[in-house]
Structure formats: structure tokens, C-alpha cells
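Structure first, commentary second.
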Amino acid sequence: MTWQPIDTAPKDGTEVLVYFGGRVGVKSAAWTGSSSGLTIWCVDDEKHGPFPVRGYSEPYPTHWMPLPAAPEAV
């Protein structure tokens, strides 16, 4: 797995890792659409989410990669 430009990320709601840079770094998120020409990435905090990602970077995530495979059951 390697980081890829954000414009190549899946646009079908698949959850991926996105890189924001700075103190935020990496978050898991899914692309949910666009509004007024702005891409909307959503994260889920498993309590109140999913909710749109806002204010993390200038202007949005720059890179993405697929989530790693889950560990095998023991």
C-alpha cells in the first residue's frame, strides 16, 4: 500500500485512510459527494457520526490509501 493523490480516491463511499497533514495526520473517511464544488469527506466516530470533515487542512486531504486488511481471527 502506498499513498496516492486524493483525486484518485474511490468515490463510491468506500472507507479509506486520508492524509490531512499537520497535527491531524491520518484519519479514516469515506467520500460522500460534493457541494458547491467542494469535496465532502465524512468520518465516523462510532457515537454521533458520520459527519463531514471540516477545518483539518488547507484545503482538504492531499493523499489516500486503502484500509489494511483486518487481522485473522485467533
Side-chain angles (χ1 to χ4, degrees):
M1 285 183 270
T2 60
W3 289 104
Q4 301 174 45
I6 198 66
D7 60 339
T8 65
K11 307 260 188 311
D12 61 0
T14 300
E15 187 176 1
V16 296
L17 296 176
V18 292
Y19 177 71
F20 289 91
R23 63 182 173 82
V24 174
V26 177
K27 298 279 185 192
S28 64
W31 186 87
T32 59
S34 61
S35 176
S36 302
L38 301 176
T39 301
I40 300 172
W41 286 92
C42 286
V43 297
D44 191 344
D45 63 2
E46 297 184 16
K47 296 181 212 167
H48 307 290
F51 54 91
V53 175
R54 288 176 273 193
Y56 285 137
S57 70
E58 289 293 327
Y60 294 99
T62 60
H63 293 80
W64 77 281
M65 75 167 50
L67 290 174
E72 292 185 25
V74 180

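Along the sequence shown, residues carry numbers from 1.
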Inset, instruction - State which residues pass side chain to side chain donor-acceptor pair (under 3.5 Å) with Gln4; sequence neighbours excluded, sorted by chain then number. - result: none
Inset, instruction - Could you give me the CA-CA distance, side-chain angles and deciding distance for Trp31 and Ile6, then say whether side-chain contact (heavy atoms from CB on, under 4.5 Å) is met? - result: CA-CA 10 Å; Trp31 186 87; Ile6 198 66; over 6 Å; no
Legend entry - Closest heavy-atom pair and its distance - Pro66, Leu17: O-CD1, 4.3 Å
Inset, instruction - Write down the atom of Val18, the atom of Trp3, and the distance for their closest heavy-atom approach. - result: C-CZ3, 4.2 Å
Legend entry - Atom pair OG1/CE of Thr8 and Met65 - distance to nearest 0.5 Å: 11.5 Å
Legend entry - Sidechain-backbone polar pair: Lys11 side chain, Ala9 backbone, donor-acceptor under 3.5 Å: yes
Legend entry - Closest contact, heavy atoms only, Ala30 versus Gly13: CB-O, 3.4 Å
